[in-house]
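Here's the structure we're looking at; comments come further down.
Protein chains get the first letters and strands the later ones, always in sequence-line order, with residue 1 at the start of each.
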Amino acid sequence: MDYRSTLNLPQTKFKMKANLTQKEPEFLKKWEKEGLYAEVQEATKDRPLYLLHDGPPYANGHLHMGHAFNKILKDMILKSKRMFGYHAPYVPGWDCHGLPIELNVDKELGAKKKEIPKLSFRGACRKYAGKWVKTQSAEFKRFGVLADWDNPYLTIHYSYEAAIAREFNRFLTNGSVVRAKKPVYWCSSCTTALAEAEVEYDDHTSTSIYVKFPVASDLGIPALEGKQVSVVIWTTTPWTLPANVAVALHPKFDYGAYEANGEVYILAQGLAESAMHAFGFAEYTEVCLFSATEIEGLECHHPFLPRTSKIVLADYVTLETGTGCVHTAPGHGREDYITGLKYELDVLSPVDDRGVFTEEAGKYMGMHINDANPVICEDMQASGHLLSQNKMNHSYPHCWRCKKPVIFRATKQWFIGMDNNDLRQKALAAIKDVTWIPSWGMERIYGMVEGRPDWCLSRQRAWGVPITAITCDDCGEIMNNDFINKRIDEFFIKEGADAWFAHDVKEFMEEGFQCLCGGTSFTKEEDILDVWFDSGVSYAAVLEERGLETPADLYLEGSDQHRGWFQSALLASVGTRGVAPYKGVLTHGFVVDKHGKKMSKSIGNVIAPEEIIKQYGAEILRLWVSSEDYRDDIKISDEILRQLADSYRKIRNTTRYLLSNLGDFNPATDTIAFDDLEELDRWALSQYERLKRKVRGGYESFEFHQVYHGLQNFCTVTLSNFYLDIIKDRLYSELPDSLSRRSAQTVLYEIAVGMLKLMTPVNSFTAVEAWDYLPEDAAREDNLFIALFPDENDDYLQDELHGKWQQLQQVRGEITKVLELARREKIIGHPLEAEVWISVGVDLAESLADQWQTLERIANVSKLNHVDAPAVGATSSETIAGLTVLVKAATTEKCERCWTRSATVGSHGDHPEICSRCHAVVTALGIEEA
RNA sequence: GCGCCCAUAGCUCAGCUGGAUAGAGCAACGGCCUUAUAAGCCGUAGGCCGCAGGUUCGAAUCCUGCUGGGCGCACCA
């Protein structure tokens with residue numbers, strides 16, 4: 001007869017094929033409908049708080065791998081914290097102001113852009129940002145991120161805009177805000193000042209010229225008396241010459257006077273030859289040498305303007321190119337500016353915000369600087385001041401948005417002074433009180449804050465929160481008081497930051513207000529705030545406003561944020577609250593391709609999260625996030641994804657097998673007490689206990705790759721290859737309610753429940769899906785996101801058992817090797833076809849004395865005989881001294897039910913095809929004879 | 001150019017404060033099974049520990065330099 005139906009074969013409705021791409025959206029829909037996030041928050045509200053504060057992505061464009069990695073990492077941390085017993089709310093946020101949005105709206109508006117009023121334009125920007133928030137929100141949700149998606153924070157919410165203004169006004173009130181004319185990067189195409197972070201370097205072809213600055217005063221060098229002497233400068237920006245006020249020489253270099261063609265040129269000695277060559281002078285004589293210090297302070301004639309330029313000293317002058325005499329325009333260069341401060345030079349910047357010369361530039365007024373370059377050169381050529389002109393390709397700063405070359409231009413800007421109110425020192429002290437993960441994050445940000453310039457807050461653009469400062473038209477003082485601050489706050493809460501532009505300045509001030517100078521006419525500042533200020537104050541706008549805790553437990557972003565959000569938040573919070581806004585900061589690396597190269601469209605190595613989800617599902621994306629050690633760069637490639645998909649299948653299938661053997665198990669009534677479990681089952685629990693600790697430890701230290709590898713190894717090595725393979729016989733063949741079968745099921749159930757919990761933060765979809773296929777158990781939690789991780793259980797550790805079984809597994813390994821040899825020689829196929837003779841050395845003999853039957857079972861052979869001396873033809877082990885193994889085909893009959901070869905097959909008349917064990921089972925089941 | 005970081009099998013990771021033949025899993029290759037079956041089991045192979053020096057009885061581990069890569073900064077008059 002067919003005994004198959006008398007076996008307890010595995011059975012479950014949990015599908016082997018995950019079909020993630022289809023099933024995940026169904027789960028998401030269900031969770032959204034049920035209000036899962038709210039349910040979890042409600043259920044955990046009395047637990048201690050763990051606050052991870054979300055850094056806002058910029059609301060523009062689709063999400064990339066970096067976004068996906070970051071958000072999933074946060075999700076895994078929050079889910080694991082909840083399972084550690086915390087209440088962990090998660091308010092996602094978006095950064096919605098700023099130039100990129102403004103530029104895209106510009107583009108959409110096209111020609112109309114110039115006609116529409118500011119407020120309409122801002123409205124369009126708001127709409128644009130809202131559209132991307134919606135898109136990105138949907139994309140984040142699809143990753144399986146559990147968050148308060150219905151109540152995110154947006155930097156364009158009225159309440160948020162009000163908070164920004166409030167925080168700015170705090171700085172204004174405490175005297176940290178300074179106005180200064182400073183050269184800043186300026187994009188004349190975008191007509192805005194750029195933060196340094198908004199400037200990128202790229203190759204650019206410039207006109208490089210050598211220009212004579214005729215010496216105006218007596219050099220005091222006899223050899224040069226009565227001669228036509230010029231200092232020669234080299235520059236790649238002819239258009240900045242109208243702003244020239246000095247020529248800088250290096251205090252330590254030797255300079256020489258070189259005579260050619262009847263004139264004398266002053267150059268650094270080290271560059272004389274190349275320079276004279278560039279001028280086309282084949283022959284020249286060195287009249288004399290002198291140190292730059294000898295001519296410091298002397299005056300030269302400007303090459304084409306009726307004024308003089310001073311000879312100054314600066315140690316940034318190099319001998320790499322040029323003449324060693326550097327054209328200095330404090331209004332057009334940072335170093336020039338510093339030199340200018342030292343020598344009290346004028347900061348000239350005769351260029352307007354579109355890059356057009358102003359009347360200060362004399363005859364060049366009205367000309368764009370780009371058009372002026374050749375004209376200036378021609379003029380100097382004509383006047384004989386131009387010695388040489390060339391094209392030069394070099395790295396030059398470009399605008400990060402429009403990719404056009406930027407200029408340095410002195411304009412009025414608003415700053416938070418790093419050294420006002422001791423901000424720098426306070427920030428440095430606060431850094432030391434924060435836990436940085438990895439620890440080198442501290443040095444990184446410390447160095448950055450230590451050396452950073454003042455924070456330029458102002459942008460001459462439309463889409464942002466205004467700098468809420470009011471100045472007196474008569475004396476220029478800033479009017480700041482409680483009344484104004486309060487009024488601004490009220491307006492912003494009601495109407496958003498638009499109120500600043502919609503209402504007259506008087507409406508923000510007390511009626512009849514007069515400046516101390518007596519002035520009664522006031523002007524609102526038109527500049528807007530740097531967006532880093534917007535996001536920087538999120539601790540106030542989000543955490544404080546929503547009654548959450550500050551400082552937050554954790555900020556978590558890519559390592560670029562050491563000089564982005566981590567820093568702006570730190571400075572804002574230290575400047576107004578005196579403390580860092582976070583207790584801990586975790587950073588991760590950047591997503592790179594399989595060669596470790598960053599992703600870029602031009603290389604074509606970009607992988608979008610959307611593609612991965614379409615092809616594999618979010619679970620694979622999440623598994624990827626968990627599998628990589630993010631402290632380094634995070635690699636992704638098709639190969640990695642394929643591997644993860646395989647790995648996922650293994651975990652899923654192992655889970656499925658556990659479930660399939662629990663179909664008839666009732667935890668309430670069938671559970672076997674720990675002490676009554678079979679030894680192998682207790683051993684399995686000890687392995688599970690070790691896994692549990694490894695996984696819990698991995699979550700605790702945010703080392704999710706430990707979780708991934710732990711689960712992966714456990715499923716493969718401990719369960720699939722060993723434990724599950726061995727207990728099959730018991731599970732399938734014994735009576736359903738037998739002690740040995742229930743013993744195995746007790747352990748399978750505990751492991752199944754535990755494993756699903758342990759994988760929940762990573763593979764949320766799969767864990768939740770499988771959870772429903774467990775046997776009924778009233779004691780089990782319904783909702784995995786509220787459930788706690790399984791506790792550590794010292795009873796399960798079973799150290800002696802652990803050691804003993806390590807040895808047994810080793811011996812088993814030796815047996816399986818010989819089985820493989822026999823298989824190769826076609827002596828056996830399935831291990832149950834084998835009969836084994838084993839002999840061991842004295843030391844092993846003792847520890848294995850009563851383990852022969854165990855070995856027979858775990859080697860899954862039909863018969864294992866222990867012999868004192870090596871059997872004839874036995875194979876000696878290479879790794880265990882004295883161990884020999886002989887494998888032969890078993891000569892007894894195969895039991896048709898359990899496939900074991902046994903001498904008892906045939907001894908039962910009513911069931912001649914099965915062994916005694918199976919006969920007893922079949923009889924107990926009441927099955928009539930075959 | 002400067003600061004911080006990274007480099008171990010084809011892939012993802014272990015390898016603790018220096019200690020013996022550098023470990024797992026996956027993938028690869030070969031075989032078995034058909035009672036987890038678009039599964040499962042067994043076996044085999046695979047490493048100049050980025051390169052070069054140095055310290056040491058002993059280096060994947062410590063030091064120096066170099067190469068490649070990442071993030072950030074600066075400069076390019």
Side-chain angles (χ1 to χ4, degrees), chain A residues 3-4 7-12 16-17 196-197 201 204 206 208 233-237 240 247-248 314 316-318 320-323 325-329 332-336 392 394-397 438 440-448 451-452 558-564 587 589-590 592 594-598 624 627-629 631-635 637 639-640 642-644 646-647 649-650 653-654 656-658 660-661 705-706 708-709 712-717 720-722 724-725 728-729 731-733 813 816-817 819-821 823-824 826 828-833 860 897-899:
Chain A
Y3 288 96
R4 213 184 137 101
L7 292 166
N8 317 300
L9 290 180
Q11 225 179 346
T12 178
M16 176 184 292
K17 195 167 181 320
E196 282 151 77
Y201 286 80
H204 178 70
S206 300
S208 77
I233 63 99
W234 177 78
T235 182
T236 55
T237 51
T240 60
V247 176
Y316 53 79
V317 176
T318 69
E320 271 162 38
T321 42
T323 61
C325 306
V326 176
H327 152 54
T328 298
H332 291 304
R334 161 135 350 118
E335 291 181 324
D336 299 29
M392 181 191 172
H394 63 153
S395 169
Y396 189 83
W440 46 257
M442 165 152 6
E443 284 164 60
R444 197 171 145 88
I445 194 168
Y446 194 95
M448 288 173 176
R452 69 160 291 156
S559 61
D560 57 332
Q561 298 303 330
H562 280 121
R563 76 142 270 134
T587 49
F590 273 63
V592 295
K594 61 179 161 185
H595 304 294
K597 296 259 169 78
K598 65 174 140 197
W624 167 70
S627 73
E628 296 268 336
D629 184 349
R631 289 166 292 202
D632 196 357
D633 296 324
I634 307 146
K635 287 193 201 153
S637 66
E639 185 181 6
I640 291 171
R642 272 197 300 273
Q643 179 183 322
L644 288 162
D646 285 345
S647 171
R649 261 177 239 124
K650 185 71 188 186
N653 237 296
T654 306
R656 177 169 181 267
Y657 190 68
L658 299 180
S660 69
N661 281 292
H705 59 284
Q706 307 279 12
Y708 166 77
H709 281 279
Q712 177 65 28
N713 265 340
F714 184 71
C715 283
T716 310
V717 181
S720 194
N721 296 0
F722 189 70
L724 297 182
D725 207 40
K728 268 179 197 168
D729 179 70
L731 290 170
Y732 296 178
S733 311
T816 52
K817 255 180 231 174
L819 286 174
E820 184 61 29
L821 291 175
R823 192 173 294 129
R824 193 141 301 185
K826 307 285 179 204
I828 58 159
H830 194 281
L832 278 174
E833 290 171 30
N860 200 23
R897 185 164 177 275
C898 71
W899 294 355

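Using a 4.0 Å cut-off, some side-chain N or O of A:H705 falls inside it from OP1 or OP2 of B:rA14. In this structure, A:T816 reaches the B:rG43 phosphate: one of its side-chain N or O atoms is under 4.0 Å from OP1 or OP2. Not one side-chain nitrogen or oxygen of A:N860 sits closer than 4.0 Å to the OP1 or OP2 atom of B:rC41. Regarding contacts with the backbone of B:rG31, every side-chain N or O of A:K826 stays at 4.0 angstrom or more from both OP1 and OP2.
Of the candidates B:rC26, B:rC13, B:rC71, the closest approach to any side-chain atom of A:H709 belongs to B:rC13. The A:D629 side chain lies nearest to B:rC13 when the options are B:rC11, B:rA36, B:rC13. For A:E820, counting side-chain heavy atoms from C-beta on, the closest listed nucleotide (B:rU35, B:rG72, B:rG43) is B:rG43. Listed candidates were B:rU35, B:rG70, B:rG10. Nearest to the side chain of A:K597 is B:rG70. Of the candidates B:rA36, B:rC71, B:rC11, the closest approach to any side-chain atom of A:L724 belongs to B:rA36. When distances are taken from the side chain of A:V592 to each of B:rA36, B:rG70, B:rG25, the shortest belongs to B:rG70.
One interatomic measurement links the two molecules: OH of A:Y708 to P of B:rG25, which rounds to 13 Å at whole-angstrom precision. If you take CD of A:Q643 and C1' of B:rC26, they are 5 Å apart, rounded to a whole angstrom. Atoms CG (A:D633) and P (B:rG68) sit 16 Å apart, rounded to a whole Å. Distance A:R824 CZ to B:rC42 P: 14 Å, rounded to the nearest Å. We find that CG of A:L821 is positioned 16 Å from C1' of B:rC41, with the value rounded to whole Å.
The residues A:R642 and A:E639 are annotated as not salt-bridged, no charged nitrogen and carboxylate oxygen being separated by less than 4.0 angstrom.
For A:R642 against B:rC11, no side-chain N or O and base N or O form a donor-acceptor pair under 3.5 Å. Interface remark: the A:S720 side chain does form a donor-acceptor pair with the B:rA36 base, using a distance-only criterion of under 3.5 Å.
Between B:rA36 and B:rG30, the two C1' atoms lie 23 Å apart (nearest whole Å).
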